[in-house]
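Quick note: numbers below take in every heavy atom, side chains included, and nothing from hydrogens, waters or symmetry partners.
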Amino acid sequence: MASDPVGCMKYVVVTGGVLSGLGKGVTASSIGVLLKSAGLRVTSIKIDPYLNSDAGTMSPFEHGEVFVLDDGGEVDLDLGNYERFLDVALTRDNNITTGKVYAKVIEKERKGDYLGKTVQVVPHITNEIQDWIEAVAHVPADGTPNTPDACVIELGGTVGDIESAPFIEALRQFQFRAGKGNVCFVHVSLVPVMGPVGEQKTKPTQHTVKELRGLGIIPDILVCRSENPLDSETKSKLAAFCHVGEDAVVSAHDVSNLYQIPISLHNQSVLGMVSDNLGFSVPESLPLLDEWKVMADKFDMLEDEVRIAMVGKYTGLSDSYLSVIKALQHSALAVNRKLVIDWIESTNLDPIEKTQEHDDAWATLKSADGILVPGGFGNRGVEGKIAAANYARVNNVPYLGVCLGLQIATIEFCRNVLGLEGANSAEFDESSPVHAVVFMPEISKTHMGGTMRLGTKPTPFLVDDCKVRRLYGGTSHVDERHRHRYEVNPDLIERIESAGMVYVGKDETGKRCEIMELEGHPYYVGTQYHPEFKSRPGKPSPPFLGLLKASCGQEI
Ligand code: GLN
């Protein structure tokens with residue numbers, strides 16, 4: 001593909017109406033996949049109209065997982081969808097929030113950049129938003145030095161929200177800045193079904209489009225979430241009332257799995273519509289989309305199950321572990337198994353809690369093929385996680401500990417193999433007799449008081465051969481993403497290692513234990529980093545692939 005197939009940057013702006021949680025992010029990333037299939041280099045921007053600067057301080061209970069980028073940006077989990085769907089690496093600037101925009105404008109005002117003018121939402125905030133979008137859209141994202149050809153922008157929230165108003169206004173103005181034929185507006189809405197005959201109701205969509213048009217944005221394509229494909233009558237009605245062509249009314253009906261969404265959109269000519277709007281040509285054959293289809297169909301065909309017990313504390317809210325789930329799915333696909341995740345609330349495994357929930361939780365744990373302890377903060381449920389790690393170690397059950405999961409396995413090992421009674425992490429018990437895990441902050445150079453070790457850091461392998469190194473293809477080091485403050489206590493490393501738990505990868509100072517592997521066990525592995533953030537469909541994260549392989553009884 002020529003490096004400049006489209007002439008200038010093309011933008012697809014995805015807005016949402018009626019209610020949140022319609023899968024706007026997945027729709028936007030699927031459109032990105034279509035653009036990429038047509039040979040365009042694609043990047044993306046997620047706009048979150050909340051006042052927080054980033055997602056770092058937000059509770060996973062409320063907002064789902066905090067996604068971590070290479071540069072240490074703690075961002076909305078939708079950025080994870082974009083990275084996975086488009087196989088790109090984004091930066092913290094690809095997530096724009098109201099907090100960040102205001103902070104920038106206020107900083108400029110303090111420096112006197114506005115030359116005494118009254119600083120206002122329009123034009124100062126709206127200009128800042130447009131400058132930001134334009135700058136970030138041009139940042140290479142696919143691992144090459146090439147500027148992207150297209151940028152998919154998703155506006156979070158719902159049209160009509162007070163807080164999204166400045167962004168809508170900025171995007172309205174932006175169509176003129178970017179120029180005619182360079183911006184395509186896609187609005188995602190809901191078509192509910194009501195009554196005994198299951199009538200598809202168009203009124204909510206009519207209203208949200210009316211609202212959007214009232215704000216000056218005319219959608220080029222309308223994507224309607226619905227249970228079943230839209231009837232032709234529904235489409236005609238929406239076209240008539242929403243000022244879009246009938247062909248431009250697309251149904252985003254339920255599909256068997258997420259990977260089918262780009263295919264479904266393509267079958268409804270979305271790529272053709274976007275290319276008509278933006279003026280680029282689409283080649284005859286689309287090999288990337290063909291691959292995507294093979295993957296989506298394979299996903300549906302898998303029958304043999306593999307059961308992974310996920311021992312965590314937000315288990316009722318799977319969004320809190322979205323990337324972990326995705327990494328498991330990518331790996332399950334690679335070993336041709338249908339993934340079943342058994343969610344176990346770690347407090348229920350606590351050895352001193354003898355309740356029905358406790359018995360059920362243990363029965364579930366014992367029936368799993370593999371056990372995963374994901375990342376986490378705070379001491380609730382820690383004893384249950386330690387019990388799960390103990391069970392996996394003693395019974396040769398495949399175990400993967402991610403971040404906190406590595407620390408948990410280390411505490412368990414110190415207590416039960418080294419006999420260090422009461423060993424714990426300083427995070428959970430400052431006064432414990434042995435700190436197996438200690439506070440080892442990394443002082444941020446950019447943020448006052450920032451102590452979290454964040455983003456991509458290199459981890460060299462320290463042994464020539466081990467399971468994890470084999471899984472990574474024998475490479476000398478790995479570059480993975482971090483988000484933690486605590487580490488295995490350097491004073492205990494020698495004792496732990498001489499008892500058979502080896503930290504096969506450490507940071508370049510040799511003090512921070514990054515990859516743990518237990519000798520003589522089918523797969524008992526931990527990583528201080530979060531490998532899930534870099535897992536991709538078709539390119540599963542190696543430590544996760546190892547867990548799945550071992551859980552299916554395959555050699556590593
Ligand atoms: N709470 C632990 C720490 O800060 C683990 C963090 C995590 O799992 N992301 O080190």
Side-chain angles (χ1 to χ4, degrees), residues 1 22-40 42 44 78 80-88 142 152 186 188 221 223-230 250-275 282-308 318 322-341 369-370 532 534-542 544-545 547-549 551-554:
M1 191 71 220
L22 287 179
K24 222 181 332 144
V26 174
T27 306
S29 4
S30 298
I31 293 174
V33 170
L34 298 185
L35 295 174
K36 194 174 167 185
S37 305
L40 273 62
V42 188
S44 82
D78 274 317
N81 277 332
Y82 292 112
E83 285 207 344
R84 285 186 284 267
F85 270 55
L86 304 176
D87 195 11
V88 289
D142 63 356
V152 179
V186 178
V188 182
I221 301 173
V223 175
C224 300
R225 275 292 289 129
S226 60
E227 213 173 301
N228 295 310
L230 298 181
V250 175
S251 64
H253 46 270
D254 294 353
V255 285
S256 50
N257 72 67
L258 215 68
Y259 305 126
Q260 298 284 6
I261 296 174
I263 313 295
S264 168
L265 295 182
H266 186 56
N267 291 342
Q268 298 178 74
S269 308
V270 170
L271 180 56
M273 280 185 260
V274 177
S275 68
V282 177
E284 277 283 300
S285 75
L286 305 170
L288 183 72
L289 207 60
D290 296 340
E291 270 173 41
W292 203 267
K293 179 152 174 51
V294 169
M295 183 170 66
D297 290 344
K298 181 177 171 190
F299 201 92
D300 287 339
M301 309 270 286
L302 299 173
E303 277 177 3
D304 289 346
E305 293 182 348
V306 57
R307 303 191 83 87
I308 302 295
S318 51
L322 192 67
S323 297
V324 173
I325 298 170
K326 296 295 171 195
L328 286 172
Q329 278 173 356
H330 303 156
S331 299
L333 203 62
V335 296
N336 297 315
R337 292 293 184 101
K338 182 173 173 174
L339 175 69
V340 180
I341 299 179
D369 301 310
E532 67 271 24
K534 286 175 79 169
S535 191
R536 302 279 185 266
K539 291 187 213 161
S541 162
F544 281 85
L545 182 61
L547 175 69
L548 269 284
K549 280 189 164 187
S551 301
C552 300
Q554 293 179 16

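At distances below 3.5 Å, not a single donor-acceptor pair connects side-chain atoms of R337 with backbone N or O atoms of D304. In terms of modelled atom types and a separation under 3.5 Å, the side chain of S535 and the main chain of S541 share a donor-acceptor contact.
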Between L86 and D142, does a side chain to side chain contact (heavy atoms under 4.5 Å, CB included) hold up when you go through it step by step?
CA-CA 8 Å; L86 304 176; D142 63 356; over 6 Å; no
Please determine whether side chain to side chain contact (heavy atoms under 4.5 Å, CB included) holds for the pair L34 and V274, giving the CA-CA distance in whole Å, both sets of side-chain angles, and the decisive distance to 0.1 Å.
CA-CA 9 Å; L34 298 185; V274 177; over 6 Å; no
Begin from the C-alpha positions of I341 and R307 and carry the test side chain to side chain contact (heavy atoms under 4.5 Å, CB included) through to its verdict.
CA-CA 6 Å; I341 299 179; R307 303 191 83 87; over 6 Å; no
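Side chains of L339 and E305 form no contact here, defined as non-hydrogen atoms less than 4.5 Å apart. Side-chain contact between L547 and S331: absent, with no pair of heavy atoms (C-beta onward) separated by less than 4.5 Å. Q260 places a side-chain heavy atom less than 4.5 Å from the side chain of D297. Between R536 and K326, the closest side-chain pair of non-hydrogen atoms is not below 4.5 Å. In this structure, V26 and S30 have side chains that are in contact, with non-hydrogen atoms separated by less than 4.5 Å. At least one side-chain heavy atom of P262 sits under 4.5 Å from a side-chain heavy atom of L289.
The closest side-chain donor-acceptor pair between R84 and S323 falls under 3.5 angstrom. Under the 3.5 Å distance criterion, with hydrogens and angles disregarded, a donor-acceptor pair is assigned to the side chains of N336 and K298.
Y259 and W292 have perpendicular rings, their planes meeting at more than 60° on a 0 to 90° scale where under 30° would count as parallel.
Shown here for F544 and L328, the closest heavy-atom pair between the two residues is CD2-CD2, 3.8 Å. Nearest heavy atom pair, residue L35 against residue V42, reads CB-CG2, 3.7 Å. The two atoms that bring P540 and A334 nearest to each other are CG-CB, 3.9 Å, heavy atoms only. Looking at every heavy atom in both residues, S551 comes nearest to V306 through CB-CG2, 3.8 Å. Shown here for M295 and P537, the closest heavy-atom pair between the two residues is SD-CB, 3.6 Å.
Note that the CD atom of E532 and the NZ atom of K534 stand 12.5 Å from one another [nearest 0.5 Å]. The OG atom of S275 sits 9.5 Å away from the CG atom of L40 when rounded to the nearest 0.5 Å. Separation of atoms CG (L286) and NZ (K293) is listed at 13.5 Å; rounding is to 0.5 Å. With values rounded to the nearest 0.5 angstrom, S29 atom OG is found 8.5 Å from I261 atom CD1. The line from CG of D300 to NZ of K338 is 9.5 Å long, rounded to the nearest 0.5 Å. Distance check, rounded to the nearest 0.5 Å: OG of S256 to CE of M301 gives 11.5 Å.
Of the residues listed (V250, I221, V223), the one engaging Q268 in a side chain to side chain contact (heavy atoms under 4.5 Å, CB included) is V250, and it is the only one.
A salt bridge is defined here as a Lys NZ or Arg NE, NH1 or NH2 lying under 4.0 Å from an Asp or Glu carboxylate O, and K539 with D87 meets this definition.
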